[in-house]
Protein chains: 2
Amino acid sequence: MEGSAPRRTRIQQEKRELILEAALEVFSTNGFRGSTIDQIAEAAGMSKPNLLYYFRRKEDIHETLMERLLATWLAPLRELDDIGDPLTELRSYIRRKLEMARDFPRESRLFANEILQGAPRIMPLLEGELKTLVDEKAAIIKGWMRAGKIVRTDPWHLIFSIWATTQHYADFDVQVRAVLGPDRGGDGRFEDAARFLEQLFIEGLKPKG
Amino acid sequence: MEGSAPRRTRIQQEKRELILEAALEVFSTNGFRGSTIDQIAEAAGMSKPNLLYYFRRKEDIHETLMERLLATWLAPLRELDDIGDPLTELRSYIRRKLEMARDFPRESRLFANEILQGAPRIMPLLEGELKTLVDEKAAIIKGWMRAGKIVRTDPWHLIFSIWATTQHYADFDVQVRAVLGPDRGGDGRFEDAARFLEQLFIEGLKPKG
DNA sequence: CTAACGTTTGTCCAATCGGTCAAAAATTTG
DNA sequence: CAAATTTTTGACCGATTGGACAAACGTTAG
């Protein structure tokens with residue numbers, strides 16, 4: 001669908017990366033419409049016309065960012081397979097998702113911003129690639145349920161609940177920290193969350209003997 | 001803290017309500033900076049200067065909206081008390097929260113938008129009123145754990161996970177519908193979600209005998 | 001050196017933004 | 001009714017926005 005790979009110089013590669021990094025920071029905290037090219041340019045340490053030399057439109061930056069984001073964002077779910085033990089498999093999926101919320105909160109917030117506003121730019125991806133992937137994994141989970149490895153539930157809503165609980169620690173970070181207060185809202189909150197979520201999901205999914 | 005109650009005519013009451021309703025629609029889908037006074041005025045069926053006659057600044061509309069929102073948004077948590085059976089109490093809290101996500105998705109998205117952007121306008125409320133309320137309810141839940149009524153866990157993260165899973169169906173609605181597809185993404189999705197969440201939390205929290 | 005090419009910047013533009021203002025229109029009050 | 005008050009509007013303003021453009025600057029190849 002895309003044209004032939006654009007030939008780029010070393011400087012172009014570097015500057016484009018610099019801009020994308022700056023844009024991630026700005027977009028994820030202000031949203032698309034709330035962010036200005038000037039803000040991104042300043043965060044990237046260059047002038048506005050200079051930035052527009054590398055990305056001709058504001059939307060192009062956002063688009064490039066979203067494309068990259070989705071690939072890494074769905075990686076944990078892609079890794080879920082029915083090779084190992086079901087509960088172990090789910091446990092490590094939850095852990096990987098929570099680690100992403102901890103290590104890439106800006107990516108999570110950028111994604112949340114897009115979805116919140118009706119996903120105007122990535123709707124086709126949600127209905128296509130994402131739905132296909134989720135359906136695929138839901139089938140695997142259903143297999144585990146039929147085999148009596150985990151309790152019978154709705155696999156799609158199970159996946160939703162894992163997304164919701166883990167991404168909550170990135171998207172609603174300020175609220176989490178405000179409620180936990182200075183003592184418990186420090187770096188340890190992710191380990192507390194990991195312990196809690198593991199217990200909730202694993203105990204809640206263990207087959208009833 | 002506020003001045004004496006502003007004396008308002010019938011028209012002022014009605015028009016202000018009209019504007020707030022329109023602003024909820026616009027703000028919740030575009031965010032604060034992404035929304036324009038013109039959009040709100042058009043949605044409310046009046047001219048921009050006319051709107052500004054009732055609310056002098058764009059921020060005033062948003063502020064009024066947030067104040068009202070927080071009261072209703074925290075109502076379900078306020079109702080949580082240790083009068084009844086713990087598991088029943090938690091079950092109905094989850095149900096109430098999910099009903100709010102279903103019936104007031106715009107309010108949920110407005111709140112999510114604010115938090116996502118660092119809660120610049122309601123930070124004091126999070127650290128004050130909200131934290132106090134959550135700490136209070138966490139103490140009740142802790143009591144249940146000590147009494148062996150529910151399994152021992154972190155009460156704060158339990159509350160977070162209930163918030164996350166229920167609000168997910170409002171905030172990420174487009175994604176949920178896209179993934180579920182036309183068949184399962186209809187009106188029944190909230191009942192499916194209710195069944196799933198009830199099972200997850202109740203089974204996950206039942207004391208181990 | 002010089003020509004070609006890639007990079008950077010200052011300046012500018014039209015559109016949109018939040019908000020003002022005076023005057024017209026509608027409503028309430030006596 | 002008429003006066004007073006409230007409501008509505010069109011015209012306008014300065015600031016900010018996304019983006020265009022040509023000229024200047026830097027770099028590299030012959």
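Letters A, B, ... mirror the listed sequences (proteins, then strands); counts begin at 1.
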Check this one for me: any side-chain N or O of B:Asn50 less than 4.0 Å away from OP1 or OP2 of D:dT9?
yes
List for me each residue that meets salt bridge (Lys or Arg N to Asp or Glu O under 4.0 Å) alongside B:Arg106, sequence neighbours excluded, and say none if there are none.
B:Glu21, B:Glu25
Cationic N near anionic O, under 4.0 Å, B:Glu114 to B:Arg121
yes
Min side-chain heavy-atom separation A:Arg195-B:His157 under 4.5 Å
no
Is any side-chain heavy atom of A:Ile159 closer than 4.5 Å to a side-chain heavy atom of B:Val179?
no
Taking side chain as C-beta onward, heavy atoms only, is B:Thr153 less than 4.5 Å from B:Met145?
yes
Between A:Lys137 and A:Asp82, does any side-chain N to carboxylate O distance fall below 4.0 Å?
no
Between P of C:dT7 and CG of A:Leu51, the distance in whole Å
14 Å
For the residue pair B:Leu90 and B:Ile150, establish whether any side-chain heavy-atom pair is separated by less than 4.5 Å.
yes
Atom-pair distance (CD on A:Glu14; P on D:dT27), nearest Å:
14 Å
Verify the contact: side-chain N or O of B:Gln12 to OP1 or OP2 of D:dT6, cut-off strictly under 4.0 Å; return yes or no.
no
For A:Phe32 and A:His62, take the angle between the two ring planes, folded into 0 to 90°, and tell me which bin it lands in: parallel under 30, tilted 30 to 60, perpendicular over 60.
perpendicular
Polar pairs (N or O, both sides) under 3.5 Å between protein and nucleotides 23-27 of chain C?
none

Is there side-chain contact between B:Arg177 and B:Tyr169, with heavy atoms separated by less than 4.5 Å?
no
Does D:dT8 have OP1 or OP2 sitting under 4.0 Å from an N or O in the side chain of B:Tyr54?
yes
Can you measure B:Lys15 atom NZ to D:dT7 atom P for me and round it to whole angstrom units?
9 Å
Can you give me the N/O atom pairs linking the protein to nucleotides 16-21 of chain C at distances under 3.5 Å, or say none if there are none?
| from | atom 1 | to | atom 2 | distance (Å) |
| --- | --- | --- | --- | --- |
| C:dG18 | OP1 | B:Ser35 | O | 3.2 |
| C:dG18 | OP1 | B:Lys58 | NZ | 3.0 |
| C:dG18 | OP2 | B:Ile37 | N | 3.0 |
| C:dG18 | N7 | B:Lys48 | NZ | 3.1 |
| C:dG19 | OP2 | B:Lys58 | N | 2.8 |
| C:dG19 | O6 | B:Lys48 | NZ | 3.2 |

Can a side chain N or O of B:Ser47 be found less than 4.0 Å away from OP1 or OP2 on D:dT8?
no
Can you find a side chain N or O atom of B:Tyr53 that sits less than 4.0 Å from OP1 or OP2 on D:dT8?
no
How is A:Phe55 classified with respect to the nucleic acid when contacts are heavy atoms under 4.0 Å: base, sugar-phosphate, or nothing?
nothing
Rounded to whole Å, how long is the line connecting atom CD of A:Gln13 with atom C1' of C:dG6?
15 Å
In this structure, how many angstroms lie between the P atom of C:dG10 and the CE atom of A:Met46, rounded?
14 Å
